[in-house]
Amino acid sequence: MFLALRTEVEDALREALSTLELPTDDLGIEEPPDDVDSVLASSVAFRLAGELGAAPPQAATEVADEIDADELTYVSRVETQGPYLNFLPSEAYFAETLANGTDDDYGTLPDRGESVVVEHTSANPTGPVHVGRARNPIIGDAVANVLDAAGYDVDRHYYVNDAGRQMAVFTWAYETFDEDDLETEPERDRIEYDLVRYYRKGNEFLEEGPESEVEAAEAEIDAIMQGLEEGDEATYERVSEVVDQVLGGMKECLARLPAEFDEFVKETRFMFDGSTDDVVSRLQDLEESVYEEDAWQLELDEYGIDKNLVFLRSDGTSLYPTRDLAHHEWKFDNYDRAVTVLGEDHKLQAEQLRQTLELLGNDTDPLRQVLYSYVNLPEGKMSTRRGTGVDLDDLLDEAIDRAREEVETRLDDRIRDDDLDEADVERIAHQVGIGAVRYDIVAKQPTKAITFEWDRALDFEAQSAPYVQYVHARCCGILEEAGIDLETGTSGVETDVDASLLETPEERDLLETIARFPAVIDDAAADLEPHQVATYTREFAERFNAFYRECPVLADDVDPDLREARLALVAAARHTIANALSVLGVAAPRSM
RNA sequence: GGGCACGUAGCUCAGUCCGGAUAGAGCGUCGGACUUCUAAUCCGACGGUCGUGGGUUCGAAUCCCAUCGUGCCCGCCA
């Protein structure tokens with residue numbers, strides 16, 4: 001509704017200004033402060049003051065007089081407050097918001113008929129997922145969710161770096177060392193925790209082993225890379241044995257968030273299908289291309305990038321960026337838009353990639369890169385190779401444990417008589433624990449640096465997931481108490497209600513907040529900023545809690561018509577908060 | 001050294017792209033509210049030179065310039 005109102009206000013204001021023969025290039029539309037009753041405001045009068053030769057408040061009055069609110073559907077009145085124009089919502093605005101909100105899919109925008117591939121995480125399959133990268137799946141999944149909600153046809157991809165040197169090292173180490181050579185036990189009973197020990201052992205050997213043996217090992221590693229380059233089936237099988245196993249374990253970890261993927265795209269695919277070779281020859285034909293120190297490079301300094309892009313090693317093998325070029329051309333062929341979520345340390349490479357794609361004749365406007373900064377430990381970076389870092393599995397376990405403790409201590413002084421059993425406790429512990437971890441990450445701007453500290457990561461205080469989740473549980477509690485079956489959506493809620501009965505400030509505020517939800521999704525999708533949705537959930541929770549405090553729904557002295565209207569409002573609130581949480585990838589508990 | 005990002009209350013963060021109404025939350029501290037649709041809630045108090053200095057503007061946390069601090073990057077690794 002908010003979107004419709006915004007359009008209506010813009011049109012009306014533009015028309016009024018045209019009539020007065022005033023410029024319409026900047027309408028000054030803005031959202032007013034909380035203590036102002038209007039839904040939208042305009043500060044256009046400031047700019048008109050000079051034009052009209054009148055003080056801003058007087059200019060505002062002249063413009064307001066030119067707008068006939070009776071002709072508007074969602075605006076009841078246009079008022080001035082000093083220099084500001086305030087647009088107040090009509091009954092129709094509230095009524096339609098309430099009607100729309102009773103739809104289970106409220107907030108989901110119409111299909112845009114546009115496909116987008118969201119690539120995220122894409123961590124090298126070298127070992128357990130650690131917290132340093134945890135922002136990637138959490139932000140990436142939320143970005144994909146918000147685009148999905150905004151009406152795009154979304155595919156989620158994990159790009160598997162199975163052709164890089166580190167995988168050749170891993171393969172060599174896996175084939176060379178035995179269980180007996182390893183000094184440590186797996187930290188967890190899952191395949192990637194087992195196999196990462198070979199990777200670490202191999203790297204340690206290459207750094208500290210006897211020179212002659214290291215040379216032999218390097219020769220073997222080179223042979224593996226050459227094999228992949230030539231498309232040798234047997235080599236691919238050897239590498240895949242490691243890649244597929246480790247990746248399988250990583251998938252299990254990511255599924256806990258949950259972060260699921262539609263496709264795992266291996267980079268070897270673009271070597272075997274000839275597209276990397278094709279990219280190489282096209283690059284060689286570019287005038288920016290040079291052959292220096294036995295390697296093929298691209299000079300990008302005239303495009304503001306000082307570092308050359310090496311696209312073919314002196315031994316003739318391709319590099320990650322070379323294959324990624326082929327990968328991205330494939331994306332352009334198959335999708336209307338492409339979004340990549342990657343760490344800020346890849347920013348330079350991302351710029352090189354974009355510029356080179358342009359030089360190869362691609363339009364890179366459909367490509368958007370979302371950057372986030374790594375989570376570091378107080379003592380420095382996390383590294384799979386060195387084994388420094390906190391495993392995501394450990395963080396999630398700890399979060400669930402702490403949430404469980406919390407549920408159990410609250411069990412005793414619980415007012416609600418719904419007898420949570422052990423399974424409920426476990427469900428809530430998972431929903432709250434994992435939800436808190438996700439929410440904490442998705443609610444912040446990705447570019448802010450984060451230093452990992454256990455206590456901070458596991459702080460479940462207000463303004464975190466449980467605060468918002470609790471609102472959903474409260475909605476469900478009311479609906480359930482009213483005898484509505486939550487399984488069947490809204491079928492039990494009377495939808496033909498009189499929205500004008502919802503006349504307290506708390507009810508109006510809640511409706512206005514619900515009305516904004518589709519616009520929040522729209523904006524968050526346009527900016528690829530899911531944290532806008534998180535910010536919204538907090539505001540929403542505040543508004544709902546005020547309503548909850550002031551407006552009893554099921555009390556005996558509530559008029560039956562008002563009760564029905566408030567029930568519809570609660571149903572709308574529930575759909576809003578459930579769908580917002582769903583975009584964030586945070587579970588919406590029915591009770592807690 | 002060069003490039004990019006970040007700097008808002010004691011702490012963690014919104015707001016910055018697109019300049020407008022007394023800069024908003026939470027945590028912490030202090031004081032209140034459960035015989036009530038779940039108190040993981042709510043209400044109140046205290047707390048801010050929006051890193052610093054200039055500039056543009058009727059108006060700057062927001063735009064421009066400079067400067068300081070922090071992080072990231074500047075491999076024939078990915």
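Fair warning: this is a prediction, and the values are worked out from it, not measured in the lab. FYI, side chains are in, hydrogens and waters are out, and symmetry mates aren't considered; it's all heavy atoms of this structure.
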Colleague: Whether Y320(A) contacts G75(B) is assessed here as follows: a side-chain N or O lying under 4.0 Å from the phosphate OP1 or OP2. Is that the case?
Modeller: no
Colleague: Would you indicate, yes or no, if G15(B) has its OP1 or OP2 atom less than 4.0 angstrom from a side-chain nitrogen or oxygen of H531(A)?
Modeller: yes
Colleague: So, does R416(A) get its side chain near the phosphate of C34(B), meaning an N or O under 4.0 Å from OP1 or OP2?
Modeller: no
Colleague: Is the ring centre of H120(A) less than 6.0 Å from the ring centre of Y158(A)?
Modeller: no
Colleague: Between R538(A) and A25(B), is there a contact of a side-chain N or O with OP1 or OP2 at under 4.0 Å?
Modeller: no
Colleague: Hydrogens and angles aside, do R133(A) and Y374(A) bring a side-chain donor and acceptor to less than 3.5 Å of each other?
Modeller: yes
Colleague: Would C34(B) be called syn or anti, given that syn covers angles within 90° of 0?
Modeller: syn
Colleague: Let's test this: given Watson-Crick or G-U wobble pairing with both distances under 3.5 Å, identify the partner of G19(B).
Modeller: none
Colleague: Between Y467(A) and C42(B), is there a side-chain N or O to OP1/OP2 distance below 4.0 Å?
Modeller: yes
Colleague: With a 3.5 angstrom cut-off on both distances, give the Watson-Crick or G-U wobble partner of C63(B), or none if there isn't one.
Modeller: G55(B)
Colleague: Does G82(A) offer a backbone N or O that forms a donor-acceptor pair with the side chain of T80(A) under 3.5 Å?
Modeller: no
Colleague: Can you tell which of A78(B), U41(B), A40(B) lies closest to the side chain of V432(A)?
Modeller: A40(B)
Colleague: Side-chain N or O of R385(A) less than 4.0 angstrom from OP1 or OP2 on C77(B)?
Modeller: no
Colleague: Taking the minimum atom-to-atom distance to the side chain of V553(A), which one of U12(B), A21(B), C37(B) wins?
Modeller: C37(B)
Colleague: Could you please name the partner base of U70(B), counting Watson-Crick and G-U wobble pairs only when both distances are under 3.5 Å?
Modeller: A5(B)
Colleague: Verify, without hydrogens or angle tests, whether E408(A) (side chain) and E405(A) (backbone) share a donor-acceptor contact under 3.5 angstrom.
Modeller: no
Colleague: With rounding to the closest Å, how many angstrom separate the P atoms on G2(B) and G54(B)?
Modeller: 25 Å
Colleague: Relative to the 5' end of RNA chain B, which residue comes earlier, K307(A) or R590(A), by the nucleotide with the nearest heavy atom?
Modeller: R590(A)
Colleague: Students often get this wrong, so: under 4.0 angstrom with heavy atoms, is R410(A) touching a base, only sugar-phosphate, or nothing?
Modeller: base
Colleague: Classify the ring geometry between F540(A) and F544(A) as parallel (under 30°), tilted (30 to 60°) or perpendicular (over 60°).
Modeller: parallel
Colleague: Please compare G477(A) and R47(A) by the position of their nearest nucleotide in RNA chain B and report the one closer to 5'.
Modeller: R47(A)
Colleague: Look at Q532(A) and G15(B) and indicate whether a side-chain polar atom (N or O) is within less than 4.0 Å of OP1 or OP2.
Modeller: no
Colleague: How is S43(A) classified with respect to the nucleic acid when contacts are heavy atoms under 4.0 Å: base, sugar-phosphate, or nothing?
Modeller: base
Colleague: Does a nitrogen or oxygen in the side chain of K448(A) sit under 4.0 Å from OP1 or OP2 of G7(B)?
Modeller: yes
Colleague: With a cut-off of less than 4.0 Å, is there a side-chain N or O of N545(A) near OP1 or OP2 of U41(B)?
Modeller: no
Colleague: Should G10(B) form a Watson-Crick or G-U wobble pair with both distances under 3.5 Å, which nucleotide is its partner?
Modeller: C27(B)
Colleague: Take atom C1' in G69(B) and the same atom in G51(B), then report the distance between them in whole Å.
Modeller: 8 Å
Colleague: Should Q469(A) be listed as having a side-chain N or O under 4.0 Å from OP1 or OP2 of A40(B)?
Modeller: no
Colleague: Whom does U41(B) pair with, Watson-Crick or G-U wobble, provided both distances fall under 3.5 Å?
Modeller: A33(B)
Colleague: Under a 4.0 Å N-O cut-off, is there an ion pair linking R566(A) with E507(A)?
Modeller: yes
Colleague: Suppose you measure atom C1' in U12(B) against the same atom in A33(B); what distance do you get, rounded to whole Å?
Modeller: 27 Å
